Amino acid sequence: MSIEEPPADAPDAYRDLIEQNRRISYLNDASGVLGWDQQVTMPEGGASARSKQLSALSAVTHDLMTADEFEAALVASEDVADDLDWRQQAAVREIRRSYDRTADVPGDLVEELSEVQSDNQQIWQEAKANDDFELFAPRLEKLRDLSIDRADHINPDQAPYEVLYEDGLPYISRERTNEIFDRLKAELVPLIEEIKAHGDDLATPYEGQEYPEEDQRALSEAALDAIGYDRDHGRLDISAHPFTSGTQFDARVTTRYKPENPMDALTATIHEYGHASYMLGLPKENYGTPLGQSLSSGVHESQSRFWENHVGRTKPFWEFFLPKVKEHLDGVDDLTVQEAYEAVNRIYPNNLIRVEADELTYHLHIILRCEIDSAFVAGEIDVDEIPELWNEKMEEYLGVTPDGVGEGCLQDIHWSSRFAGFQGYTIGSVLAAQLDAAMRDDISDVDGKIRNGNFEPMREWMNENVHSHGRAYKSDDLIEEATGEPLTADYFLDYVNEKFTDLYGL
């Protein structure tokens, strides 16, 4: 399907607005390709030039969005809102939201922030590799100060962290998110403690061996092929931190390989496929408009967590996929379905690394990040307090203390570019369980379909109920439209309690 122009009978003001918005969107996507290249293929020496390139593109897009012509087209479109259908009205609503979060931010601040974010990626990698927080600390302070400055320009009457939070979760209130976090903390910690005290021992079939990167890559490629990744519109690469980048025409995934743990790369690959499935499911005809863009970090994460956990960590999936594991990895010929299922679902309370965390402890990793994140932006802690506070919270929530900042507060790339971005991971997991429950009401024998390698019905359901709407709905409205009720933690907690009680024989 090709990119479409607005209908010929749409008001001229709306057609003009969409044309201008598309130019801005295309430039943003070009920046995305440069960002992908920076993390995947760019030589280390290219960092200085890349930061200038990204900064220049940010300045151009900012100038286009704050131009008099753009504002005039936006106001004129709002004036003829009664002549627009509901999806066109939604597109204008989302463009207005982007404009309001851009118009009062000075161009030189946008340019400086982009350059700092780009430079930070390279410095973060070096600081993490060398366990050197002092190298990164000034960059973190600089990013914090610039982010607060931007937030103050967007809404001087709102706390900066609240403004930054709304970058990623615009229509799910922070109050609602905090309620969900409090409930998860209250219910997950006792479950984890029960597993540690009384749970059965689960299989560890991959321990004591190393698996070559080429074999793991072949396994990840086989998984992508099995679940239906569109190779004409995507690719798999390696990055320091797994991520997905692109559009509905080009959605690229990355992973990383650990010699001693082949399941780390496999689950990360399936996770990133979930993000790519969302991107590739967005309406191609609406590319460059809000109707062809993903909705929020929480909804995006619901797709990756659905495919990683509600498909890739299920026993039916391992009944289907185990032969591929035996085909590509040596030393696992005697591996059983039950052992493979147990291995990919083991709880690792002593694990230090968020992206390697299991389904339960993962959310404690997220919660401690959000607590430190918000305290730092609010000025409640200084930058040099972060490593010690991180270790204290790791000990409190997970009973483990990192040996250094590389496996502690510098393990994630996110603080190289933004704050208030971690909440979406847990909200996405909660939403994934709610979507999974609704999907199973609509599709018969989902487990049987997974067991037979028939993933198309699940992908089509997500496409119809989530992807195809772009930003036509606000997040809370989309959730009710797809599941019949507001966002709730009930389904996630029911899911993990049932799964892990059974798995660990509690």
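What's counted below: heavy atoms across the whole structure, side chains too, no hydrogens, waters or symmetry copies. If you're wondering where the values come from, they're calculated on a predicted model, not measured in any experiment.
- Salt bridge absent: Asp445 and Lys449 never bring a charged side-chain N and a carboxylate O closer than 4.0 Å.
- Remark: the Asp37 side chain and the Thr41 side chain contain an N/O donor-acceptor pair separated by less than 3.5 Å.
- One distance of note links CG of Leu140 with CD1 of Ile123; it measures 11.5 Å at 0.5 Å rounding.
- Counting only distance, with no hydrogens or angles, the side chain of Thr204 and the backbone of Glu207 share no donor-acceptor pair below 3.5 Å.
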Could you check Tyr211 against Asn261 for side chain to side chain donor-acceptor pair (under 3.5 Å), going step by step and ending with a plain yes or no?
CA-CA 8 Å; Tyr211 303 88; Asn261 185 6; over 6 Å; no
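- Remark: aromatic rings of His310 and Tyr495 are close, center separation under 6.0 Å.
- Rounded to the nearest 0.5 Å, atoms NE2 (His275) and OG (Ser304) are 3.0 Å apart.
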Steps toward side chain to side chain donor-acceptor pair (under 3.5 Å) verdict (Tyr257, Glu214)
CA-CA 9 Å; Tyr257 304 104; Glu214 58 268 26; over 6 Å; no
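- Using modelled atom types and a 3.5 Å distance limit, the side chains of Glu111 and Ser58 yield no donor-acceptor pair.
- Of the possible donor and acceptor atoms, none in the side chain of Asp436 sits under 3.5 Å from a partner among the backbone N and O of Ala432.
- The environment of Glu134 atom CD is sparse: at most 12 non-hydrogen atoms of other residues, nucleotides or ligands sit within 6.0 angstrom.
- Asn463 and Ser468 are not linked by any side-chain donor-acceptor pair at a separation below 3.5 angstrom, with hydrogens and angles left out of the test.
- Considering every non-hydrogen atom in both Ile192 and Pro349, the closest pair reads CG2-CG, 4.2 Å.
- Between Phe455 and Phe317, the two ring planes are tilted [angle within 30° to 60°].
- Residues Phe136 and Val405 are not in side-chain contact: their nearest non-hydrogen atoms beyond the backbone lie 4.5 Å or more apart.
- Between Tyr473 and Arg471, the side chains place no donor N or O within less than 3.5 Å of an acceptor N or O (distance only, hydrogens not considered).
- Sparse packing is recorded around CG of Asp334, with 12 or fewer heavy atoms of other residues, nucleotides or ligands lying under 6.0 Å away.
- For Thr255 against Ala268, the heavy-atom pair with the smallest separation is OG1-CB, 3.6 Å.
- Residues Gln303 and His271 are not in side-chain contact: their nearest non-hydrogen atoms beyond the backbone lie 4.5 Å or more apart.
- No donor-acceptor distance shorter than 3.5 angstrom exists from the side chain of Arg354 to the backbone of Tyr362, with no hydrogens or angles considered.
- When ring centroids are compared, Tyr273 and Phe306 stay outside the 6.0 Å threshold.
- Side-chain polar atoms of Gln423 and Thr177 form no donor-acceptor pair below 3.5 angstrom.
- Residue Leu184 holds its CG atom at 7.5 Å from CZ of Phe181, rounded to the nearest 0.5 Å.
- In plain terms, the two heavy atoms of Lys499 and Asn309 that are nearest each other are NZ-O, 4.4 Å.
- Side-chain contact check for Asn28 and Ser25: no donor-acceptor pair (N or O, by modelled atom type) lies under 3.5 Å.
- Counted by atom type alone, Glu339 and Tyr341 present zero donor-acceptor pairs between their side chains at under 3.5 Å.
- Side chains of Arg139 and Gln121: no donor on one and acceptor on the other come within 3.5 Å.
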Quick one, Thr361 with Tyr348, criterion side-chain contact (heavy atoms from CB on, under 4.5 Å). Give me CA distance, side-chain angles, the key distance, then yes/no.
CA-CA 7 Å; Thr361 62; Tyr348 293 95; 5.7 Å; no
Could you check Arg369 against Asp412 for salt bridge (charged side-chain N to carboxylate O under 4.0 Å, His left out), going step by step and ending with a plain yes or no?
CA-CA 10 Å; Arg369 281 161 171 78; Asp412 281 316; 2.7 Å; yes
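- Contact between Trp36 and Ser245 at its shortest, heavy atoms only, is CB-OG, 4.0 Å.
- A salt bridge between Glu388 and Lys393 is absent, with no side-chain N of the basic residue lying under 4.0 Å from a carboxylate O of the acidic one.
- Listed by chain and number, the residues in a side chain to side chain donor-acceptor pair (under 3.5 Å) with Ser118 are Gln38 (sequence neighbours excluded).
- Leu143 and Trp415 get closest at one heavy-atom pair: CD2-O, 3.2 Å.
- Surrounding CG of Asp201 are at most 12 heavy atoms belonging to other residues, nucleotides or ligands under 6.0 Å away.
- Without hydrogens or angle criteria, Asp373 side chain to Ala420 main chain gives a donor-acceptor distance under 3.5 Å.
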Assess the residue pair Tyr165 and Phe419 against the criterion (ring pair (Phe, Tyr, Trp, His ring centres under 6.0 Å)); give the C-alpha distance rounded to whole Å, side-chain angles, the decisive distance to 0.1 Å, and a yes or no.
CA-CA 8 Å; Tyr165 167 89; Phe419 300 100; over 10 Å; no
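- Looking at Ser220, its side chain never comes within 3.5 Å of a backbone N or O of Arg217 through a donor-acceptor pair.
- Listed here is the closest heavy atom pair of Ile238 and Val40: O-CG1, 3.8 Å.
- Using cut-offs of 30° and 60° for the angle between ring planes, the Phe422 and Tyr425 rings count as tilted.
- In this structure, Gln411 contributes its side chain and Leu352 its backbone to a donor-acceptor pair below 3.5 Å.
- Judged by distance alone, the side chains of Gln216 and His328 never bring a donor and an acceptor atom under 3.5 Å apart.
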For Glu498 and Val496: C-alpha separation, side-chain torsions, deciding distance, then whether side-chain contact (heavy atoms from CB on, under 4.5 Å) applies.
CA-CA 5 Å; Glu498 179 179 352; Val496 294; over 6 Å; no
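- Glu272 contributes a side-chain N or O that, together with a main-chain N or O of Thr244, makes up a donor-acceptor pair within less than 3.5 Å.
- Crowding of Lys326 atom NZ: a count of heavy atoms from other residues, nucleotides or ligands under 6.0 Å exceeding 12.
- In this structure, CD1 on Ile386 lies 8.0 Å from CG on Leu389, to the nearest 0.5 angstrom.
- Counting heavy atoms from C-beta on, the side chains of Ile195 and Leu191 come closer than 4.5 Å.
- Defined by atom type and a distance below 3.5 Å, a donor-acceptor pair is present between the side-chain atoms of Glu395 and Thr401.
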Given the rule in the side-chain contact (heavy atoms from CB on, under 4.5 Å) test, do Leu169 and Ser475 qualify, once you have shown the distances and angles that lead to the verdict?
CA-CA 8 Å; Leu169 289 171; Ser475 300; over 6 Å; no
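- Defined by atom type and a distance below 3.5 Å, a donor-acceptor pair is missing between the side-chain atoms of Ser114 and Gln117.
- Atom NE2 in His62 sits 11.0 Å away from atom CG in Leu113 (nearest 0.5 Å).
- Remark: Ile180 CD1 to Ile427 CD1 distance equals 4.0 Å, nearest 0.5 Å.
- Under the side-chain contact (heavy atoms from CB on, under 4.5 Å) criterion, Ser429 pairs with Arg305, His363, Phe492, sequence neighbours left out.
- In terms of the side-chain contact (heavy atoms from CB on, under 4.5 Å) criterion, residue partners of Glu356 (sequence neighbours excluded) are, by chain and number, Arg256, Lys258, Asp264, Asn351, Ile353.
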Could you go step by step and tell me if Tyr504 and Arg346 meet the side-chain contact (heavy atoms from CB on, under 4.5 Å) rule?
CA-CA 9 Å; Tyr504 276 91; Arg346 280 180 62 88; 4.1 Å; yes
